[in-house]
2 protein chains.
Amino acid sequence: MPTDDDILDVATRAFAEKGFDGARIDDIAHRAGVNKATLYYRIGGKDALYARAMERILGPKIARAERALVEIPDVEARLRLLARLLVDGADHEHASRFAAIMLREIAAGASTLPDTALALMGRFLAAIERTVAEGVAQGIFRPINPFLAHMALVGSGMLYAVNEPVRRRIADIAPGQSKDHMFLSPEDAARQVADMLLNGIRKP
Amino acid sequence: MPTDDDILDVATRAFAEKGFDGARIDDIAHRAGVNKATLYYRIGGKDALYARAMERILGPKIARAERALVEIPDVEARLRLLARLLVDGADHEHASRFAAIMLREIAAGASTLPDTALALMGRFLAAIERTVAEGVAQGIFRPINPFLAHMALVGSGMLYAVNEPVRRRIADIAPGQSKDHMFLSPEDAARQVADMLLNGIRKP
DNA sequence: TCCACTTTTAACCATTCGGTTGAAACCTCA
DNA sequence: TGAGGTTTCAACCGAATGGTTAAAAGTGGA
């Protein structure tokens, strides 16, 4: 018998691929190997399913980010870790699902984002902002707008994590040139994103 | 009588707010002040409506970007212009709608993106990549991965353009701190994004 | 005025979706 | 064996949705 976690995993994938509106309850129940009535009995309606899927995917990342605030004193190393949290995950699929859901939510103005999930996002943002602010206070970083630094890190990272299919389609319709640089490993991508950001905000 | 352009404008807003699946034909027709049958008579079904809306919003940006390739020899100035094209637009709403649609499409793996629109996106990417490559060849930029530079620019810019509602919600639930740095004008945001990227890729 | 084109009106259809229900089956543990 | 919780099954509901159409009404120019 599938556990709640199994169901949430399937639901997360569905929400990432199709969005909240596009995901189908029947489909999720069927793919999780559970009856629709069971899903309602165990978890509840679509809203509850979404909220729990979000907390499940956001929670561990936030916890890791906040642990880094006290465990990693070096601000550059800490920013690198935060970049990895965004681009990479327990596995790459996990990270790309996370990014897809977040991008959709941001595009929708967080209108369907449950309050609990929004609070978690806010804490991640706070972790990045605090790290940048520490770096500025230590004289390591330029007096950069920490919120824009957050945008740069999250934007580059999540966009890269999620847009592999788009890259593939673009590469297909523009043949002739070498496309190797478009397909990096998640680790390389996270490192290069962090490098670029750090070069951009480090004091000369 | 509303013109086709009026209808496309309403449709673009609807697609940006709700996504392709979420947008309702009846709603678009009603808000455009035109009958649904007229919409079908003049433009066609939902697919045609989406394709034309995309071309309308992408076309001018691509044209401007490709003009810059020959008109602006200075690679840094050119990159700044490309950043502005992403963050800012004819008006700010226009830019944020563009960004919202693009983010949704990227999150969906460009699965519903018409081929014509995808080709336009590819040309924008090519413009950024070529500019970065020129800068590298001139010895101005580090040998950066041009595709990642594209991610950084597009990611930061579009994320910022679109997430004003999210910032507002986050600011609301985390009171007490100053939030001024979270709300920049589009011009300031575009400039700071470009600054960060240029500092990140410029040779020391 | 007549004609071709455009727009509206209003209905229709087949499909889909989230959610519910009630009865039957199953399982576990005492 | 029996009771209580869990799961399945299949059908159903009501509301929307995308798409289409036939006929009437309106429009402007030759």
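Lettering of chains follows the sequences in order, A, B, ..., and the numbering in each one begins at 1.
- In terms of the side-chain contact (heavy atoms from CB on, under 4.5 Å) criterion, residue partners of B:R67 (sequence neighbours excluded) are, by chain and number, B:R64, B:E71.
- With sequence neighbours left out, the salt bridge (charged side-chain N to carboxylate O under 4.0 Å, His left out) criterion links A:D21 to no other residue.
- Non-hydrogen atoms lying under 4.0 Å from DNA chain C are contributed by nothing in residues 14-21 of chain A.
- For the pair B:R24 and D:dG18, the criterion of a side-chain N or O lying under 4.0 Å from OP1 or OP2 is met.
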Tabulated below should be each protein N or O lying under 3.5 Å from an N or O of nucleotides 8-15 of chain D; please produce it.
residue: D:dT8; atom: OP2; partner: A:N35; partner atom: N; Å: 3.2
residue: D:dT8; atom: OP2; partner: A:T38; partner atom: OG1; Å: 2.4

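- Scored by the salt bridge (charged side-chain N to carboxylate O under 4.0 Å, His left out) test, A:D6 finds no partners at all (sequence neighbours excluded).
- Here B:N35 pairs with B:A37, B:T38 under the side-chain contact (heavy atoms from CB on, under 4.5 Å) rule; sequence neighbours left out.
- At whole-Å resolution of the value, OH in B:Y40 and P in D:dT20 are 6 Å apart.
- Residue pairs meeting the ring pair (Phe, Tyr, Trp, His ring centres under 6.0 Å) criterion with at least one member in residues 46-69 of chain B, sequence neighbours excluded: B:F15-B:Y50, B:F20-B:Y50.
- Here the range on DNA chain C touched by chain B, meaning any atom under 4.0 Å from one of its heavy atoms, is C:dT6 to C:dT9.
- In this structure, A:K61 satisfies the cation-pi test against A:F98, with its NZ or CZ atom closer than 6.0 Å to the six-membered ring centre and inside 45 degrees of the ring normal.
- In this structure B:L159 satisfies the side-chain contact (heavy atoms from CB on, under 4.5 Å) test together with A:L103, A:I106, A:M151, A:V154, B:L103, sequence neighbours excluded.
- B:A29 comes within 4.0 angstrom of nothing in the nucleic acid, heavy atoms only.
- Partners of B:R202 according to the salt bridge (charged side-chain N to carboxylate O under 4.0 Å, His left out) rule, which considers only residues two or more places apart in sequence or in another chain, are B:E76.
- For residues 64-85 of chain A, there are no ring pair (Phe, Tyr, Trp, His ring centres under 6.0 Å) pairs, not counting sequence neighbours.
- Scanning for salt bridge (charged side-chain N to carboxylate O under 4.0 Å, His left out) contacts around B:E66 gives B:R123, with sequence neighbours left out.
- Here A:R42 reaches the OP1 or OP2 of D:dT7: one of its side-chain N or O atoms lies under 4.0 Å away.
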